[in-house]
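Chain letters run A, B, ... following the sequence lines, proteins first, then strands; residues in each count from 1. Side chains are part of it too, since the values below use all heavy atoms of this structure and drop only hydrogens, waters and symmetry mates. Since the structure is predicted, the reported quantities are computational estimates derived from the model, not experimental observations.
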Amino acid sequence: MKIASFNINGIRARLPVLLDWLEQAKPDVALLQELKSTDETFPRELIEALGYQVETHGQKSFNGVAIMSRLPLEDISRGLPGDDSDEQARYMEGTVIGDKSAVRVACLYLPNGNPAPGPKYDYKLAWMGRLEACASRLIATEEPALLAGDFNVIPQAEDCWDPAVWKEDALFLPQSREAFRRIESLGFSEAYSIRHPGMQEFTFWNYRAGAWNKDHGIRIDHFMLSPAASDLLLDCQIDTYVRGLGKPSDHVPIWVRLDG
DNA sequence: ATGGCAATCAATGATTGA
């Protein structure tokens, strides 16, 4: 099964690009972030017309995540556990039933955290602590599971065009990278780096200052696979071309193919 | 400095993102 993740930066503004990409890439499952839409204003009909079951966890103006699947999709849960006062729609889970195996998928939009230090960075680190608890719970099931989405973390220096520029940024600060490593320490594998060691590809280019034309990008969208899911990994690719389409998102899709 | 763009909500300007 092919599972993709795409921070679309506004579902309504991005609908033409999304539909274009879906028809070319034909993922079985698409995990979307930054819907910037409530569940009520999410344009589900055109996506359902392509054969997808659409499950959303929206919020007005900001955040928002969705799971869309052409395979049976069950047991949806919405929201990141661990803080009942957190109103931001950044996390949901569902179980995809493949031909060979069921995969628990978590779609996440991890907080940016800038400016750091400050309350937004505190929220990011707290959020990552709660995510680690989810990761522990998922790995304990010993079933195939993955965490995917916009992590807003640059894992290592090779994952950005100029580490010096990002040195003080919340996406690259040591504490952010350490929190990312802690999830790996639980037993999760970051799919792209497993499949393409030493390669430099990006998933985000700022709209400003001609970043795309200069290839001033960063790699912040990731798939983290549990051991049981890693055993099924066949491929992981980044659909870079999507950044060059008309009216693009600032992120591009990344996907994995699992033998499931 | 990735200043310099884009999306959204709301009302011509502010907020947020990374």
Side-chain angles (χ1 to χ4, degrees), chain A residues 5-21 32-43 56-66 86-91 107-128 131 148-177 179-180 192 200-222 238 240 242-254:
Chain A
S5 170
F6 189 8
N7 177 322
I8 52 172
N9 187 18
I11 180 71
R12 285 164 289 167
R14 210 67 59 218
L15 200 53
V17 162
L18 177 64
L19 294 172
D20 186 322
W21 167 73
L32 303 184
Q33 303 90 36
E34 257 197 297
L35 305 180
K36 297 185 174 181
S37 166
T38 61
D39 296 339
E40 290 72 27
T41 53
F42 186 100
T56 61
H57 178 41
Q59 179 180 345
K60 191 175 182 180
S61 301
F62 309 115
N63 305 320
V65 289
D86 185 359
E87 312 243 314
Q88 300 195 34
R90 296 177 172 274
Y91 185 89
C107 173
L108 65 99
Y109 175 43
L110 206 150
N112 174 305
N114 280 307
K120 291 192 173 181
Y121 194 56
D122 295 340
Y123 176 66
K124 177 177 192 146
L125 293 179
W127 204 96
M128 293 185 84
L131 181 63
D150 178 1
F151 279 74
N152 268 318
V153 173
I154 300 167
Q156 50 196 356
E158 304 82 77
D159 298 317
C160 59
W161 64 279
D162 184 355
V165 169
W166 293 90
K167 196 166 180 294
E168 309 292 328
D169 194 282
L171 281 63
F172 194 54
L173 282 173
Q175 276 183 288
S176 305
R177 289 189 277 153
F180 188 80
Y192 179 85
Q200 184 182 62
E201 284 190 277
F202 305 132
T203 63
F204 170 89
W205 297 259
N206 202 303
Y207 288 121
R208 286 172 282 195
W212 165 243
N213 289 325
K214 292 186 278 193
D215 200 23
H216 287 181
I218 53 179
R219 193 170 69 87
I220 55 175
D221 298 86
H222 308 295
I238 297 168
T240 308
V242 176
R243 188 63 176 79
L245 299 176
K247 211 167 161 22
S249 172
D250 40 8
H251 295 251
V252 295
I254 177 171

With a 6.0 Å cut-off on the ring centroids, do A:Phe151 and A:Phe180 count as close?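 Yes, the ring of A:Phe151 comes within the 6.0 Å limit of the ring of A:Phe180, centre to centre.
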Suppose we call two aromatic rings close when their centres sit under 6.0 Å apart. Are A:His216 and A:Phe202 close by that rule?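 Ring centres of A:Phe202 and A:His216 not closer than 6.0 Å.
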Gap between atoms [atom1] and [atom2], on [X] and [N] respectively (whole Å):
| X | N | atom1 | atom2 | value |
| --- | --- | --- | --- | --- |
| A:Ile218 | B:dG17 | CD1 | C1' | 11 Å |
| A:Asn114 | B:dG3 | CG | C1' | 16 Å |
| A:Trp205 | B:dT2 | CH2 | C1' | 14 Å |
| A:Phe204 | B:dT16 | CZ | C1' | 12 Å |
| A:Glu34 | B:dT16 | CD | C1' | 9 Å |
| A:Leu35 | B:dA6 | CG | P | 21 Å |
| A:Phe62 | B:dA6 | CZ | P | 18 Å |
| A:His216 | B:dG4 | NE2 | P | 17 Å |

Touch check for [X], heavy atoms < 4.0 angstrom, all strands: base, sugar-phosphate only, or nothing?
| X | answer |
| --- | --- |
| A:Phe151 | nothing |
| A:Ala211 | nothing |
| A:Lys120 | sugar-phosphate |
| A:Asn63 | nothing |
| A:Asn7 | sugar-phosphate |

Using OP1 and OP2 only, check whether a side-chain N or O of [X] sits under 4.0 Å from [N].
| X | N | value |
| --- | --- | --- |
| A:Lys36 | B:dC9 | no |
| A:Arg208 | B:dA6 | no |
| A:Arg12 | B:dA7 | no |

Mind checking the [atom1] distance from [N] to [M]? Whole angstroms is fine.
| N | M | atom1 | value |
| --- | --- | --- | --- |
| B:dT2 | B:dT16 | C1' | 16 Å |
| B:dT12 | B:dT8 | C1' | 14 Å |
| B:dG17 | B:dA1 | C1' | 16 Å |
| B:dA14 | B:dG4 | P | 14 Å |
| B:dT15 | B:dA11 | P | 13 Å |

Let me spell it out: for each of A:Arg14 and A:Leu110, pick the nucleotide of DNA chain B with the closest heavy atom. Which residue's pick is nearer the 5' end?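 In this pair, the answer is A:Arg14.
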Both A:Val165 and A:Gln88 contact DNA chain B. Which one's nearest nucleotide lies toward the 5' end?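 Looking at DNA chain B, the more 5' nearest nucleotide goes with A:Val165.
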Partner nucleotide of B:dA10 by Watson-Crick or wobble geometry (both distances under 3.5 Å):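 Because no pair has both required distances under 3.5 Å, B:dA10 counts as unpaired.
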Ignoring hydrogens and angles, tell me if any N or O in the side chain of [X] forms a donor-acceptor pair with the backbone of [Y] under 3.5 Å.
| X | Y | result |
| --- | --- | --- |
| A:Asn213 | A:Gly210 | no |
| A:Thr56 | A:Gly58 | no |
| A:Arg243 | A:Val252 | no |
| A:Arg14 | A:Lys247 | yes |

Taking atom CG of A:Leu15 and atom CG of A:Asp20, what is their separation to the nearest 0.5 Å?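 The CG atom of A:Leu15 sits 11.0 Å away from the CG atom of A:Asp20.
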Under 3.5 Å, is there any donor-acceptor pair linking the side chain of A:Trp166 to the base of B:dT2?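 Such a pair exists between side chain and base.
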Given the structure, check if the side chain of A:Trp212 and the base of B:dT2 hold any donor-acceptor pair shorter than 3.5 Å.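 No.
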A:Ala209 has a side chain; which of B:dG17, B:dT8, B:dG3 sits nearest to it?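 My answer, after comparing the listed nucleotides, is B:dG3.
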